[in-house]
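Report on one structure; see the data block that follows.
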Amino acid sequence: MVNNKNRKRVLILCTGNVARSQMAEGLLRHLAGDRFEVFSAGLLPSYVRANAITVMNELGIDISHHRSKSLNEFLETPFDYVITVCDHISEHCPIFPGPARRIHWSIKDPVAPGGEAAQLEAFRFARDDLKSRIQEFVAHESGTHASGVLSNQQ
């Protein structure tokens, strides 16, 4: 395992820190925890959604121990990357100390009307979108990806 001092620090933000940022934190830690120190937070933290835990378990990633955190906990913490995963937080994201590179991914909110099956599908869609973007991010950071497209501005 790489020494913590050598790992890049990443903060992933969404409005509530209940679904998208929690899944992204779990995915990045699972895929490249040896290279990145990963945190997530939100403007209005409350609890981690059960459907987020369920769809992450489908990939063998356990986020049941995660807790929803306020971005205020991290305002004085320097990060190498601050990744916003919803448009609302991107518009209201504060400035973080240090060299933080801002990346924005517009991920559709999986919390939507509908029955349990529709909800799970929405969470799977968000999870898979995040997984694809995180794999690209990790590949780009390790120099193995050609396109370098890390953000969308939808």
Side-chain angles (χ1 to χ4, degrees), residues 1 7-74 77 79-94 96 100-142 144-145 147-154:
M1 182 127 182
R7 294 190 299 168
K8 301 275 187 185
R9 294 174 60 89
V10 178
L11 178 63
I12 304 167
L13 301 173
C14 69
T15 301
N17 191 225
V18 299
R20 291 168 284 187
S21 56
Q22 292 287 345
M23 291 188 292
E25 177 185 356
L27 285 161
L28 183 53
R29 189 172 288 129
H30 178 77
L31 294 170
D34 60 334
R35 290 179 274 167
F36 297 97
E37 193 174 354
V38 188
F39 306 88
S40 69
L43 282 174
L44 305 167
S46 59
Y47 64 95
V48 180
R49 294 262 183 184
N51 284 340
I53 294 168
T54 298
V55 301
M56 293 300 288
N57 278 334
E58 293 172 355
L59 298 181
I61 301 171
D62 181 10
I63 64 168
S64 65
H65 60 282
H66 286 197
R67 68 176 177 87
S68 184
K69 299 166 292 301
S70 170
L71 68 83
N72 291 334
E73 292 181 36
F74 300 100
T77 305
F79 288 96
D80 296 290
Y81 297 95
V82 174
I83 301 173
T84 54
V85 295
C86 76
D87 297 336
H88 182 260
I89 192 73
S90 179
E91 295 167 8
H92 297 91
C93 185
F96 284 86
R101 178 173 171 212
R102 291 270 308 263
I103 298 171
H104 176 61
W105 298 331
S106 185
I107 306 294
K108 186 173 180 179
D109 189 353
V111 179
E116 184 65 18
Q119 284 283 313
L120 282 171
E121 278 309 305
F123 273 80
R124 287 182 186 114
F125 183 83
R127 175 203 64 199
D128 294 346
D129 191 1
L130 287 163
K131 182 179 177 187
S132 174
R133 292 171 192 263
I134 288 169
Q135 287 172 325
E136 185 175 346
F137 171 77
V138 170
H140 182 268
E141 287 308 303
S142 63
T144 60
H145 194 266
S147 81
V149 178
L150 289 179
S151 67
N152 66 359
Q153 300 297 324
Q154 298 177 355

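- Considering all non-hydrogen atoms of both residues, A32 and V138 come closest at CB-CG2, 3.8 Å.
- Using modelled atom types, one side-chain atom of D80 and one backbone atom of R9 make a donor-acceptor pair closer than 3.5 Å.
- Listed for the Q22 side chain is no donor-acceptor partner under 3.5 Å among the backbone atoms of S64.
- For the residue pair R133 and S106, the shortest heavy atom distance occurs at NH2-O, 4.0 Å.
- A salt bridge links E121 with R124: at least one charged nitrogen is closer than 4.0 Å to a carboxylate oxygen.
- Interatomic distance, W105 CH2 to F137 CZ, rounded to the nearest 0.5 Å: 6.5 Å.
- When all heavy atoms are compared, the tightest approach of V82 to A100 is CG2-CB, 3.9 Å.
- When side chains are defined from C-beta on, T54 does not count as touching F123, because their heavy atoms never get closer than 4.5 Å.
- Contact of the K108 side chain with the D129 side chain is not registered, since no non-hydrogen atoms from C-beta on lie closer than 4.5 Å.
- Formation of a donor-acceptor pair under 3.5 Å by the S68 side chain with backbone atoms of N17 is found in this model.
- With a 4.5 Å cut-off on side-chain heavy atoms, T77 and L11 do not count as touching.
- Within the model, atoms CG of D87 and CD1 of I107 stand 9.5 Å from one another, a figure rounded to the nearest 0.5 Å.
- Looking only at side-chain heavy atoms (C-beta outward), L13 and I83 stay at 4.5 Å or farther from each other.
- Looking only at side-chain heavy atoms (C-beta outward), R29 and H66 come within less than 4.5 Å of each other.
- In terms of heavy atoms, V85 sits closest to C14 at CG2-CB, 3.6 Å.
- A 4.5 Å side-chain heavy-atom check between R35 and E141 finds every atom pair outside the cut-off.
- Smallest separation of non-hydrogen atoms from S21 and A41: OG-O, 3.9 Å.
- E58 has no carboxylate O lying under 4.0 Å from a charged side-chain N of K131, or vice versa, which leaves the two without a salt bridge.
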Run the side chain to side chain contact (heavy atoms under 4.5 Å, CB included) check on L59 and L27 step by step: do they pass?
CA-CA 9 Å; L59 298 181; L27 285 161; 4.0 Å; yes

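- Side chain of R127 to main chain of M56: no donor-acceptor pair is present (N/O by atom type, distance under 3.5 Å, no hydrogens or angles).
- Taking the six-membered ring for Trp and thresholds of 30 and 60 degrees, F39 and F79 have ring planes more than 60 degrees apart, a perpendicular arrangement.
- Taking 4.5 Å as the limit, every side-chain heavy atom of I12 sits out of range of all side-chain heavy atoms of R20.
- Side-chain contact between P45 and K69 is absent, with no heavy atoms from C-beta onward closer than 4.5 Å.
- With values rounded to the nearest 0.5 angstrom, E25 atom CD is found 10.0 Å from I134 atom CD1.
- Between I89 and T84 the shortest heavy-atom distance is CG2-CB, 3.7 Å.
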